[in-house]
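Computation of the quantities below employed the complete heavy-atom set of this structure, encompassing side-chain atoms and omitting hydrogens, waters and symmetry-equivalent molecules.
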Amino acid sequence: MEVIRHRNISVNGINMHIAEIPGDGPPVLFLHGFPELWYSWRHQMLYLSSLGYRTIAPDLRGFGDTDVPLLVAEYTVFHIIGDLVSLLDSLSLDQVFLVGHDWGAVMAWQFCLLRPDRIKALVNLSVVFSPRNPLRKPIESMRAIFGNDYYVCRFQEVGEAEKELASVDTALVIKKYLTYRDPGLLCVPKEVGFAIDPNTKIALPSWLSEDDVNYFATKFKRTGFTGGLNYYRAIDLNWELTAPWTGVQIKVPVKFIAGDLDLTYNTPGVKDFVHKGGFKKYVPFLQEVVIMEGVAHYINQEKAQEVSEHIHDFIKKF
């Protein structure tokens with residue numbers, strides 16, 4: 001880990017923290033999810049840098065050592081992609097290989113939609129491309145299909161989830177999220193809430209250490225979870241702003257990887273979309289789909305070596 005360098009760069013009006021390993025080979029940009037940080041990509045950074053690639057993993061806007069704007073309106077897709085384009089410009093990089101997971105995957109799709117000229121190829125984990133439905137806002141659709149207790153719907157109320165998550169030790173919250181393996185629909189009734197019994201004992205899997213948990217927890221204890229939750233709260237706003245891109249395809253080469261226990265892959269309708277032609281329709285240069293057996297959502301950490309090899313096997317073609 002000592003080979004990973006850290007610095008802050010001024011991008012798009014905010015200060016962004018990046019972790020990087022210099023290399024003479026092609027650059028690879030990693031985008032993390034929630035509740036995660038650049039640190040989620042530590043294994044892939046080390047693996048690809050050992051093969052000569054230059055690896056770069058920022059803390060995205062609202063996370064870790066990057067600035068955390070408070071307003072939901074400051075977390076639109078144009079802010080996030082604006083940060084990343086500004087980052088590439090600051091690093092004098094015309095194009096990168098892009099790798100995303102969870103919210104990082106969502107933003108990676110949007111990056112390829114808005115600025116395909118900056119992306120050589122994409123490897124996305126867990127979250128498929130979601131074409132814009134021009135007839136109904138996403139949160140309205142989620143409430144209609146999954147109910148008001150669906151976790152994304154419950155995240156919409158500013159301050160509510162934060163207050164409940166703050167009622168327990170941050171390390172316990174991180175453990176609960178990163179070890180979550182239920183592939184069913186995640187619903188959180190108000191009477192249950194997001195709080196976790198402080199006496200809960202969570203056994204860590206072999207791929208996650210107490211030191212790993214403490215790294216995440218230390219950062220989130222300082223920033224809170226509002227930054228990450230604001231990505232969920234900007235979903236409808238993004239829907240409004242991206243109307244001109246309705247129906248536009250992703251026109252970069254793509255490899256998609258997910259675990260068969262991933263709650264996003266098991267969301268009703270997603271498997272059919274992936275395997276029955278819908279995905280390929282909107283992502284015509286989709287070249288590979290890999291579904292890993294017995295693997296849950298945090299795939300880049302749970303199956304670090306396999307994911308690293310999958311990334312390299314794809315990007316080495318370009």
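- The shortest heavy-atom contact between Pro27 and Ile56 is CB-CD1, 4.3 Å.
- Between Asp65 and Arg222, at least one side-chain nitrogen of the basic residue sits less than 4.0 Å from a carboxylate oxygen of the acidic one, meeting the salt-bridge criterion.
- For Lys317 and Glu288, the salt-bridge test passes: some basic side-chain N is under 4.0 Å from an acidic carboxylate O.
- Trp103 and Phe34 have their aromatic ring centers separated by at least 6.0 angstrom.
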- Check the pair Leu165 / Val168 against side-chain contact (heavy atoms from CB on, under 4.5 Å), numbers first and verdict last. CA-CA 6 Å; Leu165 292 171; Val168 294; 5.9 Å; no
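- No donor-acceptor distance shorter than 3.5 angstrom exists from the side chain of Lys255 to the backbone of Gln287, with no hydrogens or angles considered.
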- Report the C-alpha distance between Arg118 and Asp89 in whole Å, list the side-chain angles of each, state the deciding distance to 0.1 Å, and finish with yes or no for salt bridge (Lys or Arg N to Asp or Glu O under 4.0 Å). CA-CA 10 Å; Arg118 307 304 294 265; Asp89 290 345; 2.9 Å; yes
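- The cationic group of Lys120 does not satisfy the cation-pi geometry with Phe318, failing either the under 6.0 Å distance to the six-membered ring centre or the 45° limit from the ring axis.
- Aromatic ring centres of Tyr231 and Phe155 lie farther apart than the 6.0 Å criterion allows.
- Inter-residue side-chain proximity for Leu263 and Tyr180 is flagged as met; some heavy-atom pair is nearer than 4.5 Å.
- Side-chain atoms of Arg143 do not come within 3.5 Å of backbone N or O of Asp149 as any donor-acceptor pair.
- Judged by distance alone, the side chain of Glu20 and the main-chain N or O of Arg54 form no donor-acceptor pair under 3.5 Å.
- Taking the six-membered ring where the residue is Trp, Phe146 and Tyr150 present tilted rings, their angle falling between 30° and 60°.
- Heavy atoms of other residues, nucleotides or ligands lying less than 6.0 angstrom from CZ of Arg5 number 12 at most.
- Annotation: Lys280, atom NZ; neighbour count of heavy atoms from other residues, nucleotides and ligands within 6.0 Å is above 12.
- In this structure, the side chain of Tyr53 does not engage the main chain of Asp24 through any donor-acceptor pair within 3.5 Å.
- Counted by atom type alone, Tyr265 and Asp260 present zero donor-acceptor pairs between their side chains at under 3.5 Å.
- Under a 4.0 Å N-O distance rule, the pair Asp83/Arg61 qualifies as a salt bridge.
- For Asp197, the CG atom is densely surrounded, since the number of other residues' heavy atoms within 6.0 Å is greater than 12.
- A heavy-atom distance below 4.5 Å is not found between the side chains of Ile202 and Ile196.
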- Verdict with supporting geometry, Val28 and Val96, side-chain contact (heavy atoms from CB on, under 4.5 Å): CA-CA 5 Å; Val28 184; Val96 293; over 6 Å; no
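- A pairwise comparison of heavy atoms in Pro58 and Leu31 identifies CG-CD2, 4.4 Å as the closest pair.
- Not one N or O on the side chain of Ser126 forms a donor-acceptor pair closer than 3.5 Å with the backbone of Ala258.
- Within the 4.5 Å cutoff, side-chain heavy atoms of Asn266 are placed close to those of Lys271.
- Judged by distance alone, the side chain of Asp67 and the main-chain N or O of Ile14 form no donor-acceptor pair under 3.5 Å.
- Between His6 and His17, the ring planes lie parallel to each other; the angle is under 30°, not in the 30° to 60° tilted range.
- For Glu293 and Lys303, the salt-bridge test fails: no basic side-chain N is under 4.0 Å from an acidic carboxylate O.
- Between Ala296 and Glu302, the shortest heavy-atom distance links the atoms N-OE1, 3.1 Å.
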- Item | Asn238 and Thr76: CA distance, side-chain angles, deciding distance, side chain to side chain donor-acceptor pair (under 3.5 Å) verdict | CA-CA 6 Å; Asn238 283 327; Thr76 73; 4.6 Å; no
- Message: Go through it in stages, so that I can follow the logic: the residues are Ile18 and Ile9, the test is side-chain contact (heavy atoms from CB on, under 4.5 Å), and I'd like the CA-CA distance, side-chain angles, deciding distance and then a yes or no.
- Response: CA-CA 8 Å; Ile18 68 168; Ile9 298 178; 3.6 Å; yes
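- Using cut-offs of 30° and 60° on the angle between ring planes, the pair Phe129 and Tyr282 is tilted.
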- Query: Could you go step by step and tell me if Val213 and Leu178 meet the side-chain contact (heavy atoms from CB on, under 4.5 Å) rule?
  - Reply: CA-CA 9 Å; Val213 170; Leu178 296 189; 5.5 Å; no
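- By the 4.0 Å N-to-carboxylate-O rule, Arg233 lies close enough to Glu162 to be salt-bridged with it.
- Among the candidates Trp38, Phe225, Tyr39, the single residue satisfying the ring pair (Phe, Tyr, Trp, His ring centres under 6.0 Å) test with Phe216 is Tyr39.
- Of the candidates Leu241, Leu113, Leu114, Leu114 is the only one forming a side-chain contact (heavy atoms from CB on, under 4.5 Å) with Val77.
- Applying the 6.0 Å contact sphere to CG of Leu70 captures no more than 12 heavy atoms from other residues, nucleotides or ligands.
- Arg132 forms a cation-pi arrangement with Trp239, by the criterion of a distance under 6.0 Å to the ring centre and an angle within 45° of the ring axis.
- Donor-acceptor pairing under 3.5 Å is recorded for the side chains of Ser209 and Asp212.
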- Task: For Lys221 and Asp169, run salt bridge (Lys or Arg N to Asp or Glu O under 4.0 Å): C-alpha distance rounded to whole Å, both residues' side-chain angles, the deciding distance at 0.1 Å, then the answer.
- Result: CA-CA 9 Å; Lys221 194 172 290 186; Asp169 181 58; 3.8 Å; yes
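- Side chains of Asp102 and His297: a donor-acceptor N/O pair is present below 3.5 angstrom, by distance only.
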